[in-house]
Amino acid sequence: MTKTKLTRQDFTSDQEVRWCPGCGDYAILANMQRVMPELGIPKENIVFVSGIGCASRFPYYMDTYGFHTIHGRAPAVATGLKLSRPELSVWIVTGDGDGLSIGANHLIHLLRRNLDVNVLLFNNRIYGLTKGQYSPTSEVGKITKSTPNGSIDRPIDAVSLALASQATFVARCFDVDAAGLQSLIKAANQHNGTSFIEIYQNCNVFNDKAFAHISDRDVRADKTVWLEAGKPLLFGNNNDKGLVRDANGFSVIDVKSAADLQKVYVHEPRHGDSSYAFQLSQLSYPDFPVPMGILRQVEQPTYENCLQEQVDASIKKNGQGDLQTLLNSGTVWEM
Amino acid sequence: MTKTKLTRQDFTSDQEVRWCPGCGDYAILANMQRVMPELGIPKENIVFVSGIGCASRFPYYMDTYGFHTIHGRAPAVATGLKLSRPELSVWIVTGDGDGLSIGANHLIHLLRRNLDVNVLLFNNRIYGLTKGQYSPTSEVGKITKSTPNGSIDRPIDAVSLALASQATFVARCFDVDAAGLQSLIKAANQHNGTSFIEIYQNCNVFNDKAFAHISDRDVRADKTVWLEAGKPLLFGNNNDKGLVRDANGFSVIDVKSAADLQKVYVHEPRHGDSSYAFQLSQLSYPDFPVPMGILRQVEQPTYENCLQEQVDASIKKNGQGDLQTLLNSGTVWEM
Amino acid sequence: MSDTAIDEKNVNIRFAGDSGDGMQLMGSLFTDSTAISGNDIFNLTDFPAEIRAPAGTIPGVSGYQLRFADHKIQTPGDNTQVLVAMNPAALKANIQNLVSGGILIYNSDSFTARDLKKAKYLENPLETAELLQYRLFGIPMTELTLQAVKNLELTQSAAKKCKNMLALGIIIWLFSKPVKPIEKWIADKFVKQPLSAEANTLALQAGYSYAEVSELFTEQYTVAHANLTHGHYRKVTGNQALALGCVAAAQLANLPLLFSGYPITPASTVLHDLSQYKNYNVKTFQAEDEISAMCATIGAAYGGSLAATITSGPGLDLKSEALGLAIMTELPMVIIVVQRAGPATGMPTKNEQTDLLAALYGRHGESPLPVLAANKPHDCFYSVLEAFRVAIKYMTPVILLSDGYLATGADAWHLPEIKDLPDLAPIFLTKAEDFTPYQRDPISLARPWVKPGTPGLEHRIGGIEKENGSGNISYDPDNHQQMVDLRKNKIDGVLADLPLPEILGKDQGDVLVISWGSTLGAVATAVEQLQTEGAAISAMHLQYLYPLHNGIKFIAKSFKYILIPELNTGQLWKLLRMEFLLDAVPYNKVTGQPFTVTELVAAMRELLAECEKTYDKHQPLR
Amino acid sequence: MSDTAIDEKNVNIRFAGDSGDGMQLMGSLFTDSTAISGNDIFNLTDFPAEIRAPAGTIPGVSGYQLRFADHKIQTPGDNTQVLVAMNPAALKANIQNLVSGGILIYNSDSFTARDLKKAKYLENPLETAELLQYRLFGIPMTELTLQAVKNLELTQSAAKKCKNMLALGIIIWLFSKPVKPIEKWIADKFVKQPLSAEANTLALQAGYSYAEVSELFTEQYTVAHANLTHGHYRKVTGNQALALGCVAAAQLANLPLLFSGYPITPASTVLHDLSQYKNYNVKTFQAEDEISAMCATIGAAYGGSLAATITSGPGLDLKSEALGLAIMTELPMVIIVVQRAGPATGMPTKNEQTDLLAALYGRHGESPLPVLAANKPHDCFYSVLEAFRVAIKYMTPVILLSDGYLATGADAWHLPEIKDLPDLAPIFLTKAEDFTPYQRDPISLARPWVKPGTPGLEHRIGGIEKENGSGNISYDPDNHQQMVDLRKNKIDGVLADLPLPEILGKDQGDVLVISWGSTLGAVATAVEQLQTEGAAISAMHLQYLYPLHNGIKFIAKSFKYILIPELNTGQLWKLLRMEFLLDAVPYNKVTGQPFTVTELVAAMRELLAECEKTYDKHQPLR
Ligand SMILES: Cc1ncc(C[n+]2csc(CCOP(=O)(O)OP(=O)(O)O)c2C)c(N)n1
Ligand SMILES: Cc1ncc(C[n+]2csc(CCOP(=O)(O)OP(=O)(O)O)c2C)c(N)n1
Ligand code: SF4
Ligand code: SF4
Ligand SMILES: [Mg+2]
Ligand SMILES: [Mg+2]
């Protein structure tokens, strides 16, 4: 059935896509549909699980298995699914409200359990589906329908939170960066353990250009740094700037010579201590380039494997359970 | 009514204390009752709010106002209370299950909002009240009633999580360290914004000696480092060890000379970048001393003040609202 | 006027176009015109789905329906007599409600192949027989608009945006309304954008002139002034009235308000409105979820504020555990539930009355609380006041039910004088000999409301069962029984304040129709219509769903049949069986749509016909 | 034996001591002795509060009650005939249940001033008149124990810990039970701690000898072998039976089990038990909260596992939103609710039947699902199988109600043969022409169960209303009505499989008692007692609370009165009014305690007496 190489079309469902014209979600969908055939997974083994929000409509448009659950709970549904069916490739799609407001607790616990699933958090820094209230990632002072005088809570950084939750794969990307996004989707798929990708996504209706100051073509090179394992942290139009790291944290230098280049810190996503990645995650506009790409990637046992191992070990030790024996255990007597 | 200096007795309610004999909660209670009179707050202005768990019985024993709410929700109840009554001194008491399992999301959002309340999280790395299941802080491999083959989820570090949530005051202490605990309670009270104190607490019934490897008298000096602002990170019996910090993070050195001492990093809880505190929070037994005391303390606007300012500004701009005018706004016509 | 479809006593008009076409604004301005000229009004808005769909498609259609009349009206009307369709999708989505002989005004510029395709029309409906039964007026609205503003420095798309004003001008003329107030509105609104002001005014005037001079329309209509009680009126949606009610309750209670919520359709706009009323000592809190919003409400009530929260079905589920805590700690607060079509996510923009039993029984343990329901958009205001009155007097959380139909629908509200509103000021206990937190008022059974900060009254409360009086934790069996009984008796005691629900019509007869919530308008209209025809039918509307007035049972006995129409599978019907063993006939619909008067009249007629026969009363009809 | 208080057909004994005194072990070993010797048994344990209190205080008392009899029994008995009290607190907490003339055996070493004070005795009860009505046996248990083990190298406190074995030895002798099986148990248990083995054995033997030789007791009792159906029996608590039921269901369905839960009293031990059964392809998941546990259950069901979750009242509230999703997506799973005393946190260790309406109506929208209740500890096993049968056949979540009394109580379970258990194997759809996810089985109305991973059947499901058949999102009014009706009809269709509830007694008469859940034992015992006296009384017990069998209505008609005893304020009573307009007499108690047979008999007698008079049936009695 799935022998022949799949194409983008194979991953396009028959459902009419219903996001606002111009929404960043379209690009993410397109990239996903484009990459999926390259992963080599039979499409019947792929499941998209989402919560509620514009982002969470995603599963309807993928011609795979899909579950559009309730607000904030996709990680919990996905956990049950993955424990029940470790062989499936499970993708969670969530939004900044879905994943960081009502559902943040499930996300944290998913990450610390390290189930081998992939999380895509579409961060548009707004509640899209409910028509424009501020979200946990909205910047302080944000004027929205529910905050006419400006919001007063400090935004959550999804990547920092994921790191504190001990995520084993943490990455960040723009909706508009097709190449970057595709590479991250592939890397996430490769990773054994929970992969967390925050995608900065434009909601052109309720929060247009929320990331334009760093994502626009003319500023992107200067305002972001693309992280690559084993490569120095260079950015700027001609890689003419670099990040140097010392006991006081990061600082930016101009890279004009080989000597300068020497000073630039070499990205090491496999750092055992998550503090390095955390420090990266705290770099912010305008003082620093915003890190994009994979901040952290380490190997740790997955929850579903550990659980399966306990099951297997128990069978090995006690034999495949026999029901009659079980019932007849404890104090049994005959009348 | 509250003119005369209060004593410990004034903070002791008439309720019989019902923790297991030997429980670490007793020490925390005693210290709290001892410090309270020194805070100079009229006791009617103090409110303890808790969730459910052994720890959460705390409010019953304090002769102040108290609210024993439901599992995990104390931060949310306290938020409503503080928004409604900014002048009250609000103390949240929670456990590792209450605050980090069912209630972690409320905790995160409380911290990022930075309400001026104080959180005491009694971490005994177990569910006490429900008689001994593993908790989100239990170490991997923990054998409990619900994990006879050992737990498989990696523990949450409460302090790291608080830092990722942008807590403005983050500290850690032992139940058995009376002086430390009292000083932290006072500092938390002084702090303007959410203070978060994780208290390692012994549950002698279901998880005895969970912290003995670092808290016992004979090892404590070696296995922990007490943080003090502006002081070098020294530890060991005669302060003969120190923590050095460089681009690769922390390392331990023997401090034998003034030159050695020079190398030791000086604790700076007011660091603007929370990465420093995060890095501290990741130091763990047995390779490093566990940091105790205040990891981070910075000033940021409080949520209730910002909200009050918006109210005040609105009154200033529009005048104290007149109900009839409000009703008669919009399209009004006469019949 | 000789026209059969248009009845000048009562016109039902619907504006429909793409979400970007400004239909809501157009409708709202026309509503103002009719209201100011003295008609009674009722309007409904219609946002079909929660995500914006591509322009020109059916899911992207936005609608605004207005009924205006020369007499008091209670519903937005069953059918449309005039439909304004800005594009083929709008036509397709709304035509089925246009009465035969009705007026269809459409933007002929939009019936292009491209737009027809987007609307999934295989053939141009203008060229088929399907519109023959209507009176068609095709107007090149886009073109006329562009013409009207051609002298201004506008982009093509900005110019096109004015076509809703052109359409409005046409309608204003058609219904003989004055153009001046709208010009004034435009001038006020765009005071800082003179170009926009000019463009919109020109489009409006162009539409008006076009209608006047083009000879397209052969007649103009006039709906006379309605004879309503003298006074000031305003148009208000249910959600606006809820927000105003909360502010009013706080002012009448002389307390600050903390209003907590988590966005959810169709409740969110109340949070939006209230966040604008900060100078009324209103604080709003957008919580991280509904559990938090509920708990913050409990915290605020405990702190001595007026506290309320709002949500819809899924949020009610999430609040249920904390509601139990509110009941146990006996604190006053109001939980507003704007019902939408369920279960699960359901159909968020559609309307239903399916959360009644969840409001009553959706919590573990014996956990009674008062439940009441608003019945008209403007009644939402009074319902909030009543909910707070009971909450404060009886120290209890109260659930107030509204629904999607009330939330976005608007009616004409005869504005009250503040002095006629109830005094809600609570009495806080500030000192007491032998104070205990669960001492009770002998009559209301309420415990005292004590603010933290009160010297000498320090005490602890919580969710574990407590000894009556002392409030100490107690596992004593008899005490638990007593507390369970007390909590129930306290809520049942609310009845002491409540009059018997009024009867519309005679207090005996063939059929008694019992309704609750937003169906009042349609039910009352249907019953009045049948009463005019001489039928022995009466209606009774319940404001309180719990506790239920005992008198209901006795009144019901004086009728042969009881009919209970509901937008659910029979929840009040079940409740009345439960409470009074009342053997009523249910009439249910769960389509996400409100009742039409027509279908209710039919159901009532059927039952009235049964009365003629000799039938076993205990045989349900369906 | 001439003794009046001790009836050798039926003894009720209670062991009470400090939580640290090993009462549960002692009780459990004695239970085994009685069971093995052929008595029928029923036991209850009693942990008074959720936090351990200081030793010697009343909140620290732990109790174990056993009834053993020479005939079939259904309750743990109303009163105690023998009380073993290890300290004054244990005496104080339990003496009120000892029948006059009952045997009181106490540890006389513990009646010191210090222990009396801890128990809040102002005077030593042994020196007052309050114990005169009992037959007192003071035994210096601590001293005797220390004596017995004095030759071993034990700490004082380790030595003292053996006094439960000493007490057990005494009781074993008193009831003529063999001491050998207990010695064997000790040897097995402490195989790796020979010192403990020896100490416990010595203490046991010392107790036995003491009773035999001290001449303290003048008589020994013998409760004869009960005449039960031949076969293998085991002692099982309700919670153990739930765990076994889940394993059995998985084996019978030939599926792996994913069992998710969040700890909560009194449900947690089921999670504990199941976490030990991993070699039965059982995975357990301790979630971060109840919402997560519910959602993981949905995920697992979607994945094709047998999926279940367990909780108590507060957790049921939290699960309610996700339950709506389970209903909407029509996936099979079982939600077990072990009820405890509410509302809010309530009294977690106490028992109640107050979550029935929440199970039925605790969700927004029209969201019906089957609800059934277990009635005996061992019935929990069969109830789980039945719940899964229905869940799988009808593709629906099912709620199974248990309660705190069943959870920790134990009875004798006549073990089934596996081959007699139902086959639960589901049929997964693996291929289909024109597959759609909401195509339905014409009879059961169930949609197909399709496992992700099935090639060619890729599809999407979710909580938004969907088109019947295709499963596409649909806001169509008629479709919504159809789906609401379908979901309800599907659940009502479960009735097709259900027999009319059995009647205990004649199918007509004066009084019919209708019960549900854990009150069965007490109700049946009371009814049988009155039947023996010749009363025209029958009983009917409902396993299903939803859907309700129509026949109930017809049977009820053949009785003058219907009595509905419940441990709530009348929830089934309300339900039967709602469903059948049944005018029954409620008999309610909400004290956190189970019914006693005595109080039920009294209530029934009262109603039987009414039948003698000519009374208006529609006048409720209380
Ligand atoms: C329990 C519950 N509460 C609230 C809602 C309403 N709701 C739907 S989506 C949403 C937030 C969406 O924001 P986000 O997750 O950022 O997604 P986006 O629409 O921006 O992609 C909310 C509050 C709901 N569906 N369920
Ligand atoms: C909604 C809900 N779920 C579960 C419980 C049961 N419960 C009570 S306390 C507790 C955990 C307590 O652990 P922790 O917070 O660590 O407190 P500790 O007892 O260890 O101090 C649980 C699961 C509850 N009361 N309410
Ligand atoms: S509202 Fe925003 S996020 Fe949602 S579909 Fe439209 S543009 Fe995208
Ligand atoms: S169970 Fe543990 S945490 Fe709870 S009171 Fe006892 S010792 Fe303390
Ligand atoms: Mg968003
Ligand atoms: Mg704990």
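In what follows, chains carry the letters A, B, and so on, assigned in the order in which the sequence lines appear, proteins first and then strands, with residues in each chain numbered from 1.
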CA sep, side-chain torsions, deciding dist, call: A:Glu44, D:Lys451, salt bridge (Lys or Arg N to Asp or Glu O under 4.0 Å): CA-CA 9 Å; A:Glu44 65 270 18; D:Lys451 276 196 274 197; over 6 Å; no

Minimum heavy-atom distance between A:Tyr65 and D:Thr454, given as atom pair plus value: OH-O, 2.6 Å

Per-residue contact mode, D:Thr229 against chain A (heavy atom under 4.5 angstrom): backbone

Contacting region of A:Thr64 [heavy-atom separation from chain D under 4.5 Å]: backbone

N/O donor-acceptor pair under 3.5 Å between D:Asn279 side chain and A:Gly319 backbone: yes

D:His232 side-chain N/O to A:Glu334 backbone N/O, donor-acceptor pair under 3.5 Å: no

Exercise: identify the closest heavy-atom pair between D:Tyr280 and A:Leu323: CE2-N, 3.9 Å

Interface moiety of D:Ala226 toward chain A, non-hydrogen atoms closer than 4.5 Å: backbone

Contact winner vs chain D - A:Pro59, A:Gly72, A:Ala76, heavy-atom pairs under 4.5 Å: A:Ala76

Heavy-atom contact with chain A under 4.5 Å, split by part of D:Pro452: both

D:Lys283 vs A:Gln310, side chain to side chain donor-acceptor pair (under 3.5 Å): CA-CA, chis, key distance, verdict: CA-CA 9 Å; D:Lys283 291 179 180 169; A:Gln310 293 193 344; over 6 Å; no

Shortest non-hydrogen contact from D:Ile36 toward A:Trp333: CA-CB, 3.9 Å

Region of A:Asp312 in contact with chain D, defined by heavy-atom distances below 4.5 Å: neither

When D:Val282, D:Thr297, D:Thr284, D:Asp289 are compared by non-hydrogen pairs under 4.5 Å with chain A, the top option: D:Asp289

Polar side-chain atom of D:Glu458 near backbone of A:Gly66 as donor-acceptor pair, under 3.5 Å: no

D:Ile473 to A:Arg57 - nearest heavy-atom pair and separation: CD1-NH1, 4.0 Å

Contact summary for A:Ile70 and D:Ala322, nearest pair of heavy atoms: CD1-CA, 3.5 Å

Residue among D:Leu228, D:Ile298, D:Leu255 with most heavy-atom pairs under 4.5 Å to chain A: D:Leu228

Donor-acceptor contact below 3.5 Å, side chain D:Tyr233 vs main chain A:Val332: no

Check: D:Ile291 main-chain N/O paired with A:Arg73 side-chain donor or acceptor under 3.5 Å: no

Closest-packed option against chain D by number of heavy-atom pairs under 4.5 Å, given A:Thr79, A:Leu88, A:Ile52, A:Asp14: A:Leu88

Charged N-O contact under 4.0 Å between D:Glu288 and A:Arg113: yes

Heavy-atom contact with chain A under 4.5 Å, split by part of D:Ile461: both

Which of A:Asn318, A:Val311, A:Leu327 touches chain D most, by non-hydrogen pairs under 4.5 Å: A:Leu327

